Every structure is written in C-alpha cells, then in structure tokens.
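Throughout, numbering of the chain's residues begins at 1 and tracks the sequence. On a predicted model such as this, the values are computed, not experimentally measured, just so you know.
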Amino acid sequence: MPELPEVETVRRGLAPALEGRRIARATVRRGDLRRPFPNAFAHRLEGRLVRRVKRRAKYLLADLDGGETLIMHLGMSGRFTVHRATETKKPGRFVHKPADDGSGTGKHDHVILETDEGTRIVYTDHRRFGLMLLADTATLEEHPLFAEIGPEPLDRSFTPALLSAALKGKRTPIKSALLDQRVVAGLGNIYVCEALFRAGISPKRMASSVAGARADKLVPAIKQVLRQAVAAGGSSISDYAHADGELGDYQYKLFVYDREGEPCRKTDCSGKVRRLVQSGRSSFFCSTCQR
Ligand SMILES: [Zn+2]
C-alpha cells in the first residue's frame with residue numbers, strides 16, 4: 001500500500017499535467033471503486049480548471065475552480081499514467097505487473113481525464129480499493145475522511161512536543177501508535193520501522209514513554225526518512241509505481257525493513273535485524289540498538 005512518500009511522488013507527477021489546466025473531458029468507465037463514484041461525476045469534472053494538486057495524508061486533492069475538490073486515494077493498486085500530447089510514457093517496470101498498461105483501453109482503466117492541452121491521465125486499479133470523491137473545498141478539513149487525521153509529519157508544526165502530547169497516556173506499542181493516522185498522518189509500516197530504527201527506539205516500547213529525549217530523536221527521524229524517500233521517489237516494495245510508471249528506488253536505502261536475519265547497518269552495532277508481528281503487521285528492528 002502506498003505511503004506518504006509514494007503518494008507525494010504521484011502528486012509531483014500529476015501536478016505539472018493538471019495544475020492550471022482545464023479538464024476538457026472526463027470518462028468514468030464503471031460505477032464505483034471502493035465506494036461509488038459521485039453522482040454525475042464526469043459531468044462535474046468536465047470544464048473545471050484545476051487550481052492545485054495537493055496531498056493530505058495519503059490522499060491526493062485536486063482543487064477545482066467550481067469550489068469542489070477532487071479527492072483521490074490509490075488504495076492498494078491504484079496508479080496514474082500520464083500521456084502527454086507529444087509522448088506516451090511507457091508504464092514502466094512494476095513489481096507486480098499490472099493487469100493493464102494504463103493506455104486507457106484496458107478493463108482496469110477506470111477513469112480517464114483529458115486536459116485542454118491534450119494530456120490524458122488514466123487511473124488504473126485492478127483491485128479497486130482506490131477512491132475518488134468530490135467535496136466542498138472550503139470545508140474539506142471537516143470532511144469525515146480528514147476530520148480525525150493527525151498532523152502532517154513534514155509540516156513544521158509537527159514537533160516533538162506535539163508528538164509527545166499525542167502519545168500521552170497511550171499504552172499501546174509505539175509501532176502501533178505511529179500507524180494510527182490520528183497520531184500522525186501518512187505513515188505506514190515501512191517508514192515507521194525505518195524511523196524507529198534511526199531513532200534507536202524499539203517498536204515494542206510503550207507509546208506513552210516516548211517523550212522528552214526520545215521524542216526529540218523520533219520526530220527528526222520521521223522527517224528524515226520521509227524526506228529521503230520522497231527525494232528517491234518512494235519505495236516500490238509493494239504494488240506501487242510513480243504516476244509516470246517509473247519505480248521508486250528507496251527500498252535500496254532501507255535499513256531494517258524486510259531485512260530479517262541480516263546484520264544491523266549501524267556501524268557500531270553487531271546485532272541482527274529481527275522480525276516481530278505487531279497488530280498483524282511485521283515489525284523489523286535491531287534489538288541491540290533499539291531500546
Ligand atoms: Zn543495531
């Protein structure tokens with residue numbers, strides 16, 4: 001499942017194709033993804049100017065000039081392919097080969113947007129856990145999808161004090177607490193494992209004890225791992241690819257994730273990476289240097 005860096009990478013692929021462009025034509029080829037598409041969805045998109053393409057947590061948000069925002073979520077297997085007027089970008093190499101190539105004609109190509117400059121943006125999703133909705137831009141923060149979501153980890157407002165306050169009294173392991181989108185937005189299994197490793201904090205540690213010096217280490221570690229992953233174009237361990245079909249290569253920089261039994265990569269540590277199942281998800285960590 002795409003995490004914040006992957007969604008941000010897709011946003012960066014979509015923004016130049018959509019921002020400042022009008023949606024000349026929208027084609028919606030089925031009634032639903034994870035949820036039904038909005039009523040008269042294509043009609044409400046057509047003719048609209050896309051002001052900005054933003055991201056909140058793992059959602060892509062396209063603000064339209066009519067006062068609505070197109071909310072998009074990739075689910076498990078959703079992808080965008082951007083076909084420019086002058087070039088058709090190959091969908092590229094995928095970890096799990098997609099059922100369709102994003103040409104717009106495949107049976108899993110569900111939504112096609114054509115801009116006034118002739119760019120075609122195809123949304124493909126063979127498992128259909130994705131989501132597209134329209135909501136009022138002015139009240140978006142109060143929308144049920146966003147009302148409870150915690151701070152953006154890359155925002156300056158996400159500080160050790162803010163994280164400590166969110167973790168106060170939480171008697172769950174820090175690993176589970178960080179996956180809770182109400183505590184912090186957009187983090188998933190890979191980056192939580194990596195941030196805890198960088199901060200030297202065990203995934204088993206009780207969340208409420210991550211305060212003071214530990215929070216002072218964890219917050220920069222979260223920001224660092226996310227920034228590096230965004231710069232690398234995201235990870236492509238799971239069923240994920242960029243909007244332009246290129247794979248992210250961040251998985252080559254992962255220190256613990258999916259490295260069970262391999263040596264710890266901290267230079268002064270002789271430990272091995274261990275795997276532990278927490279809330280049904282694998283945690284990878286070094287029990288020697290993560291406490
Ligand atoms: Zn270690």
Side-chain angles (χ1 to χ4, degrees), residues 1-9 12 93 95 151-156 158-164 166-167 170 172-180 183-238 240 242 246-279 281-291:
M1 185 150 172
E3 298 186 25
L4 185 153
E6 288 78 33
V7 179
E8 178 61 24
T9 303
R12 291 176 182 194
R93 307 152 290 145
V95 174
E152 284 292 323
L154 291 175
D155 276 3
R156 231 173 288 168
F158 182 63
T159 59
L162 192 71
L163 179 63
S164 307
L167 297 175
K170 277 206 185 291
T172 53
I174 184 65
K175 165 77 188 301
S176 315
L178 292 177
L179 289 175
D180 181 346
V183 171
V184 54
L187 290 187
N189 206 30
I190 297 173
Y191 300 110
V192 169
C193 290
E194 292 297 312
L196 288 171
F197 174 77
R198 282 159 172 77
I201 296 171
S202 167
K204 294 186 280 189
R205 171 170 286 281
M206 193 185 288
S208 59
S209 74
V210 178
R214 287 194 190 96
D216 288 345
K217 278 189 174 173
L218 182 55
V219 166
I222 290 170
K223 290 177 190 278
Q224 185 198 47
V225 73
L226 291 174
R227 283 207 188 95
Q228 288 176 348
V230 169
S235 302
S236 47
I237 282 172
S238 56
Y240 166 74
H242 286 215
E246 290 299 309
L247 289 172
D249 61 2
Y250 193 68
Q251 71 269 28
Y252 302 117
K253 298 182 181 72
L254 299 176
F255 287 154
V256 283
Y257 189 83
D258 211 19
R259 294 191 64 241
E260 185 181 10
E262 292 177 46
C264 176
R265 281 188 176 160
K266 273 198 185 143
T267 44
D268 54 350
C269 179
S270 56
K272 274 190 168 35
V273 175
R274 292 173 54 191
R275 188 175 72 93
L276 165 81
V277 177
Q278 293 177 291
S279 324
R281 312 286 300 276
S282 286
S283 296
F284 296 91
F285 70 110
C286 172
S287 57
T288 306
C289 64
Q290 287 179 255
R291 294 302 171 110

- Distance (rounded to the nearest 0.5 Å) between Arg198 CZ and Gln290 CD: 10.5 Å

- Check the pair Lys272 / Ser287 against side chain to side chain contact (heavy atoms under 4.5 Å, CB included), numbers first and verdict last. CA-CA 8 Å; Lys272 274 190 168 35; Ser287 57; over 6 Å; no

- Just wondering, do Lys266 and Asp268 contact through their side chains at under 4.5 Å, heavy atoms? yes

- Listed by chain and number, what are the salt bridge (Lys or Arg N to Asp or Glu O under 4.0 Å) partners of Arg214, not counting sequence neighbours? none

- Query: Do you know the tightest heavy-atom contact between Val256 and Cys193?
  - Reply: CG2-O, 3.7 Å

- Message: Quick one, Leu163 and Leu178 - any side-chain contact, counting heavy atoms below 4.5 Å?
- Response: yes

- Query: Who are the salt bridge (Lys or Arg N to Asp or Glu O under 4.0 Å) partners of Glu3, not counting sequence neighbours?
  - Reply: none

- Message: Are the side chains of Leu167 and Val183 in contact, using a 4.5 Å heavy-atom criterion?
- Response: yes

- Task: With the side chain counted from C-beta on, respond yes when Val184 and Leu162 share a heavy-atom pair under 4.5 Å apart, and no when they do not.
- Result: no

- Quick one: pull up CD in Glu8 and CG in Leu154 and give me the separation to the nearest 0.5 Å. 8.0 Å

- Message: For the backbone of Pro203 and the side chain of Gln278, can you confirm whether one donor and one acceptor N or O come within less than 3.5 Å of each other?
- Response: yes

- Is the number of heavy atoms from other residues, nucleotides or ligands within 6.0 Å of NZ (Lys223) greater than 12? yes

- Task: Could you give me the CA-CA distance, side-chain angles and deciding distance for Tyr257 and Asn189, then say whether side chain to side chain contact (heavy atoms under 4.5 Å, CB included) is met?
- Result: CA-CA 9 Å; Tyr257 189 83; Asn189 206 30; 3.8 Å; yes

- Roughly how far, to the nearest 0.5 Å, is the CZ atom of Phe255 from the CD atom of Glu262? 13.5 Å

- Query: Hey, does the side chain of Arg259 reach the backbone of Pro263 with a donor-acceptor pair shorter than 3.5 angstrom?
  - Reply: yes

- Task: Indicate the atoms forming the closest heavy-atom contact of Ala195 with Ala221, along with that distance.
- Result: O-CB, 3.5 Å

- Note on the structure: Value for CG (Asp216) from OG (Ser164), rounded to nearest 0.5 Å, stands at 7.5 Å

- State, yes or no, whether a side-chain contact exists between Asp180 and Lys170 at a heavy-atom distance under 4.5 Å. yes

- Is there side-chain contact between Phe284 and Leu254, with heavy atoms separated by less than 4.5 Å? no

- Task: Verify the neighbour count for atom CZ of Arg205: are there more than 12 heavy atoms of other residues, nucleotides or ligands below 6.0 Å?
- Result: yes

- Item | Heavy-atom check, side chain of Glu194 versus side chain of Gln228, under 4.5 Å | no

- Out of curiosity, Ile201 CD1 to Cys289 SG, how far, rounded to the nearest 0.5 Å? 11.5 Å

- Chi angles and distances behind the side chain to side chain contact (heavy atoms under 4.5 Å, CB included) call for Val273, Asp258: CA-CA 9 Å; Val273 175; Asp258 211 19; over 6 Å; no

- Sub-4.5 Å side-chain heavy-atom contact between Leu4 and Glu152: yes

- Report the distance from atom OG1 of Thr172 to atom CG of Leu179, rounding to the nearest 0.5 Å. 10.0 Å

- Minimum heavy-atom separation for Gly271 to Thr288, with atom names? CA-OG1, 3.4 Å

